[in-house]
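Convention: sequence-line order gives letters A, B, ...; per-chain numbering from 1. The figures that follow rest on heavy atoms only: side chains count, while hydrogens, waters and symmetry mates do not.
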Number of protein chains: 2
Amino acid sequence: MNFQQLRYIREAVRCGFNLTDVAATLHTSQPGVSRQVRELEEELGIEIFSRAGKRLTGLTPPGAALLPYVNRLLQEADNIKRASHELQGREDGKLSIAATHSQARYALPQVVKEFRQRYPRVSLHLHQGSPKQLAEMLLCGEADIAVATEALASYEALATLPCYRWTHSIVVPPDHPLLALDRPVTLKDLAAYPLITYELGYTGRSHIDDAFASAGLPYEVVMTAMDADVIKTYVELEMGVGIVASIAVDPDRDRQLRILDAGHLFQINVTRLGLRKGQWLPKYAFAFIEMFVPTLNQVVVTQALNG
Amino acid sequence: MNFQQLRYIREAVRCGFNLTDVAATLHTSQPGVSRQVRELEEELGIEIFSRAGKRLTGLTPPGAALLPYVNRLLQEADNIKRASHELQGREDGKLSIAATHSQARYALPQVVKEFRQRYPRVSLHLHQGSPKQLAEMLLCGEADIAVATEALASYEALATLPCYRWTHSIVVPPDHPLLALDRPVTLKDLAAYPLITYELGYTGRSHIDDAFASAGLPYEVVMTAMDADVIKTYVELEMGVGIVASIAVDPDRDRQLRILDAGHLFQINVTRLGLRKGQWLPKYAFAFIEMFVPTLNQVVVTQALNG
DNA sequence: AGAACTTACGATGTACGTAACGATT
DNA sequence: AATCGTTACGTACATCGTAAGTTCT
């Protein structure tokens, strides 16, 4: 048993049991992969992959049972490599943050700025994607930290930590009838207008649907986008009433729009930080998290990482 | 980085940084060990061992920081090998139980008998030792399960689970004055006689000392032993009053002695089961535990193992 | 016919053991 | 002088890539 063999197993699962792809991904020859896989199976005494003739078709039951152990071992190996790099006492390295657009655009910039001043030699990578994509990035090791409001909690292998709470705001053009109301906006008021808001699965969208649904109000979303900037643009074009995260609007910067609080209409949202359980993180990653959410110090985060 | 190198590191620590011993223990040549250690250090970019000239003297700070990761990885590797053996669908294997004399002699026999009937092809190894030794056996992988009443809980890397509660009994020769009392025995009564009981660190001995100490009573332990059989033998010789675990005495079998309950005198003892955290256990090990303590099913035990 | 895995084979590289050397106690 | 680690060197084994072969779609 060696690391190479285990890597081949892991990659074979990721590549849909196509050893040719595995070889290509890991920059080696296909016969070599084939051989190593068989040798590992022989050494362990179990068939890991089910085969239709010569082709691999999937995992056998024992193979499936073994896979989590293989993944954990390879993760430990990775931890050793990462840890030893830091133990050289250097403050350089790489930090990959994966975030949804909203987070990357409105919540992270200040932290990123502060982080760069403190750790100028760490190269910072900011990936963007849907919450689901963020989870995938964490799981395959592409990202170290994910920040999103939805859907990170549904993976067993991920740990999530609450960062901050926020509510929605309504954005309208300057002459909109909603501004003439002498009372707080209601869901019924809103339902009378075409709405522009986030796509499903993004930035608290589900809470918006929930609110209208539980109030029994029919409503029309005429447009959806992944980010507040796009939404605001179309509100300016008078295509409808926008519902966005409060952090995404600012009376000073968005002078061509008017902002109404919607904190009383929709459920409070909690933005969460996602990490891969069991993963070792460099010191500067803990520092980043603490800069973002001061209560999440290294002790708290470590606890979450180790179950 | 490969398994061999990591094994050398682990063994070097265990062997007190003597690479000659490492080579002997792992059945290889000393220069090979030396070379592999250096190559790993070079690859990871850190000095793992501190050296006085050529001799290894200990771990460097980064080496000490890295060691836990190395140990965890090697344990994962071991888990894979053990798990794959079981996944072959065979019901054979090995189970090492480490227990104190009291447990091995009085608590385990019934379980062992039942286990052997259910898993006749599993070879069962019963090790004996002091609670401290049991902990060491668990940590170095010599034992899979430990059973003891004291001192297992004090290791970070071990998980403990309560098995059963028991109290002490007093044993005396048939004509002893304590038998003439028309009321329950008190600590003061006991303190009047020379006592024979367990050695320090064994089978609830600390609770005995605690009871006398907090009552402010001077008492004399004239003899200590690691097991109830020895204690009973010397009680028979009229050398003193014995205090032993209740499970260790039986009116039918110990006809030459008289037994008095001491449950009201000393704190209740809890016998605990010790396991190494993160260690994979074969199905039959879970079965053994459940036979011993029916409430400790696989789910409960797995939870304890994973923190 | 093409895609995918296996077999065969030769080249390279790595690991290991023996033996000699150097340093420390 | 003895112990312990390093250097040197030759052998054996493992890995890897290319090329040809086989089987399934």
Side-chain angles (χ1 to χ4, degrees), chain A residues 1-60 62-64 67 70 73-74 77 80-81, chain B residues 1-60 62-64 67 70 73-74 77 80-81:
Chain A
M1 182 166 79
N2 57 46
F3 289 116
Q4 197 80 319
Q5 293 170 330
L6 299 175
R7 266 193 289 271
Y8 290 167
I9 299 296
R10 177 177 67 179
E11 202 59 36
V13 175
R14 287 187 182 163
C15 289
F17 312 104
N18 182 326
L19 297 192
T20 308
D21 286 3
V22 172
T25 309
L26 301 181
H27 307 105
T28 184
S29 70
Q30 183 274 321
V33 175
S34 183
R35 195 152 161 45
Q36 291 300 320
V37 169
R38 289 203 94 90
E39 279 182 10
L40 180 61
E41 288 184 318
E42 201 170 327
E43 181 182 343
L44 296 182
I46 55 177
E47 299 239 307
I48 296 172
F49 296 108
S50 56
R51 293 170 169 83
K54 293 191 167 179
R55 253 156 241 234
L56 275 63
T57 56
L59 287 164
T60 60
L67 186 66
V70 172
L73 190 142
L74 289 172
I80 287 184
K81 283 179 209 150
Chain B
M1 182 167 81
N2 58 46
F3 289 116
Q4 199 79 317
Q5 294 170 330
L6 299 175
R7 265 191 292 270
Y8 291 166
I9 299 294
R10 177 175 68 180
E11 203 59 36
V13 176
R14 287 187 183 162
C15 290
F17 313 103
N18 182 326
L19 296 192
T20 308
D21 286 4
V22 172
T25 309
L26 301 182
H27 308 104
T28 183
S29 72
Q30 185 272 323
V33 175
S34 183
R35 195 158 158 52
Q36 292 298 320
V37 168
R38 290 203 94 88
E39 279 182 9
L40 181 61
E41 289 185 317
E42 200 170 327
E43 180 182 342
L44 296 182
I46 54 177
E47 299 239 304
I48 295 172
F49 297 108
S50 56
R51 292 170 169 83
K54 291 191 169 180
R55 251 157 244 232
L56 274 62
T57 56
L59 288 164
T60 59
L67 187 65
V70 173
L73 190 142
L74 289 172
I80 287 184
K81 282 178 207 147

Is [X] touching bases, backbone alone, or none of the nucleic acid, heavy atoms closer than 4.0 Å?
X	result
A/Asn2	sugar-phosphate
B/Phe49	nothing
B/Gln5	nothing
B/Gln30	base

What's the [atom1]-[atom2] distance between [X] and [N], to the nearest Å?
X	N	atom1	atom2	result
B/Glu41	D/dG5	CD	P	13 Å
A/Met1	D/dA14	CE	P	17 Å
A/Phe17	C/dC5	CZ	P	12 Å
B/His27	C/dC16	NE2	C1'	16 Å
B/Arg38	C/dA15	CZ	P	16 Å
B/Gln36	C/dT14	CD	P	11 Å
B/Leu26	C/dC16	CG	P	11 Å
A/Lys54	D/dT23	NZ	C1'	6 Å

Taking only side-chain nitrogens and oxygens of [X], does any of them come within less than 4.0 Å of OP1 or OP2 of [N]?
X	N	result
B/Gln4	C/dC16	yes
B/Asn18	D/dC4	yes
A/Thr20	C/dA3	no
B/Thr28	C/dG17	yes

Quick one: does [X]'s side chain have a donor or acceptor within less than 3.5 Å of a partner on [Y]'s backbone?
X	Y	result
B/Thr60	B/Ser50	no
B/Glu43	B/Met1	yes
A/Gln36	A/Pro31	no

If the test is side chain to side chain contact (heavy atoms under 4.5 Å, CB included), which one of B/Asn18, B/Val13, B/Leu19 qualifies with B/Leu56?
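So, applying the side chain to side chain contact (heavy atoms under 4.5 Å, CB included) to B/Leu56 and each of B/Asn18, B/Val13, B/Leu19, only B/Leu19 qualifies.
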For A/Arg35 and A/Arg55, find the nucleotide of DNA chain D closest to each by heavy atoms; which residue's nucleotide sits nearer the 5' end?
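Taking each residue's closest nucleotide, the earlier one in sequence belongs to A/Arg35.
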Given D/dT18, C/dT18, C/dC5, the nucleotide with the shortest approach to the side chain of A/Leu19:
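Closest nucleotide among those given: C/dC5.
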Ion pair A/Glu39/A/Arg35, N-O distance below 4.0 Å
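Counted as a salt bridge, because a side-chain N and a carboxylate O are separated by less than 4.0 Å.
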